[in-house]
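Have a look at the structure below, then the notes.
Note that these values count all heavy atoms, side chains included, but never hydrogens, waters or copies made by symmetry. Computed from a predicted structure; not experimentally measured. Sequence lines set the chain letters: A, B, ... in the order given, protein chains first and strands last, and positions in each chain run from 1.
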Protein chains: 2
Amino acid sequence: MRFDRPPPEPLASAHGFLLSWNGHRISAMFAEGLEPLGLRPPHFGVLTLIEAKPGSTQQELVDRSQVDPSSMVSIIDELEATGLAERRDHPDDRRKHALYLTARGGKTLTRAREVAIKTFSEVFAPLDADERETLRRLLRKLAGIDD
Amino acid sequence: MRFDRPPPEPLASAHGFLLSWNGHRISAMFAEGLEPLGLRPPHFGVLTLIEAKPGSTQQELVDRSQVDPSSMVSIIDELEATGLAERRDHPDDRRKHALYLTARGGKTLTRAREVAIKTFSEVFAPLDADERETLRRLLRKLAGIDD
DNA sequence: TATTGTTATACTCTATAACTATA
DNA sequence: TATAGTTATAGAGTATAACAATA
């Protein structure tokens with residue numbers, strides 16, 4: 001799928017297609033922006049969750065990220081290999097790992113957030129501030145999030 | 001990625017994540033709905049485009065669908081194998097094929113459209129009519145479509 | 001030489017199930 | 001017996017580049 005042009009009619013007339021197309025487009029653009037940092041979107045998600053709750057176990061990250069356990073292993077393997085996060089022994093249970101960001105991981109997450117913001121501005125450029133807020137509200141409602 | 005629950009915070013706070021999550025969710029639901037018809041979303045797209053302009057060449061479908069040429073070959077192979085579309089000789093150029101829906105293809109497309117509408121109603125159920133129209137307008141604007 | 005369609009192939013991403021070590 | 005994490009493996013889906021036939 002290419003995203004360098006608007007989707008063609010008659011497909012673009014369908015609400016569902018539009019939502020799907022825009023969603024895949026922003027994913028692809030974000031993934032491309034993350035590439036220079038050596039990250040893919042799931043890495044960003046996991047880094048974000050570790051920062052939000054340092055010391056989380058892999059199981060907790062699985063629950064909060066909707067990523068399956070085996071994928072979580074490889075994502076964290078990669079984060080450790082690139083020195084962005086580390087597994088430490090869990091104080092209460094020798095089966096568990098406690099996950100923490102490294103200093104470098106924190107910095108990389110900051111840069112990844114800048115990428116997210118840049119991608120966001122590019123994609124949402126056609127909308128003014130009011131429209132963006134409306135879209136955000138509608139998308140949250142669509143996702144089943146109560147405000 | 002799982003879609004049976006709303007996306008977790010803090011991820012759900014990000015506009016981009018919300019758009020991407022909803023987009024992937026509706027794709028996944030539509031794909032699931034199409035399964036009993038033996039179709040995947042790209043088949044639906046190609047059927048739609050052939051119906052919109054019968055006699056299209058594969059190259060034209062590639063241009064209008066944003067699917068790459070080699071994927072187009074397998075999609076059309078599958079549509080022919082299941083008797084939904086057919087390649088005919090192109091009157092002007094022996095390199096080209098002219099694509100047509102079969103009667104069965106037309107019926108299947110109708111049923112696939114019903115699946116699309118059903119998926120759409122499910123996903124957009126949390127929104128009222130005005131909100132849906134607003135969302136449609138914003139998504140078209142986002143996609144770069146001039147109204 | 002360029003274009004249409006095709007094939008062969010490789011790659012990315014994810015999911016499934018079986019395994020280990022601990023509880 | 002159940003849980004945390006891991007491994008091995010297979011699968012879906014897509015993309016890339018080389019190719020034959022025709023223009």
Residue from L47(B), L49(B), I76(B), L79(B) passing side chain to side chain contact (heavy atoms under 4.5 Å, CB included) with L99(B): I76(B)
Distance in angstrom units between M72(A) CE and dT16(C) P, rounded: 16 Å
Least distance between heavy atoms, S27(B) atom then S20(A) atom: OG-OG, 2.9 Å
Check ion pair R111(B)-E114(B) (N to O, under 4.0 angstrom): no
Atom-to-atom span, NZ of K96(A) to P of dT20(C) - whole angstrom: 22 Å
Whole-Å gap separating C1' (dG5(D)) and CZ (R88(A)): 19 Å
Closest nucleotide among dA2(C), dG5(D), dG5(C) to the R95(B) side chain: dA2(C)
Base dT22(D) paired with R94(B) side chain (donor-acceptor, <3.5 Å): no
Residue whose nearest DNA chain D nucleotide is more 5′ - A98(A) or D93(B): A98(A)
Whole-Å distance separating the CG atom of D89(A) from the P atom of dA23(C): 11 Å
R140(A) with E9(B): basic N within carboxylate O range, under 4.0 Å: yes
Ring geometry between H24(A) and H24(B) (parallel below 30°, tilted from 30 to 60°, perpendicular above 60°): tilted
Single-linkage hydrophobic cluster L109(A)~F120(A), side-chain heavy atoms < 4.5 angstrom: no
Members of residues 53-70 of chain A that approach DNA chain C, where some heavy atom sits under 4.0 Å away: D68(A), S70(A)
I26(A) reachable from L34(A) in the ILVMFWY side-chain graph, under 4.5 Å edges: no
Sugar-phosphate, base or nothing in reach of H90(A), heavy atoms under 4.0 Å: nothing
Distance test, side-chain N/O of R87(A) to OP1/OP2 of dA4(D), below 4.0 Å: no
CZ on R136(B) to CZ on F124(B), rounded to 0.5 Å: 11.0 Å
Between P of dA23(C) and NE2 of H97(A), the distance in whole Å: 12 Å
R40(B) vs dG13(D): side-chain N/O to OP1/OP2 distance below 4.0 Å: yes
Nearest-angstrom distance from the residue atom NE2 of H43(A) to C1' of dT14(C): 13 Å
Value in whole Å for how far the P atom of dC13(C) lies from CG of L39(A): 12 Å
Spacing of I75(B) atom CD1 relative to dG5(C) atom P, expressed in whole Å: 14 Å
Pairwise side-chain contact, L84(B) with R104(B), heavy-atom cut-off 4.5 Å (strictly under): yes
Residues within residues 23-36 of chain A bordering DNA chain C, heavy-atom distance below 4.0 Å: none
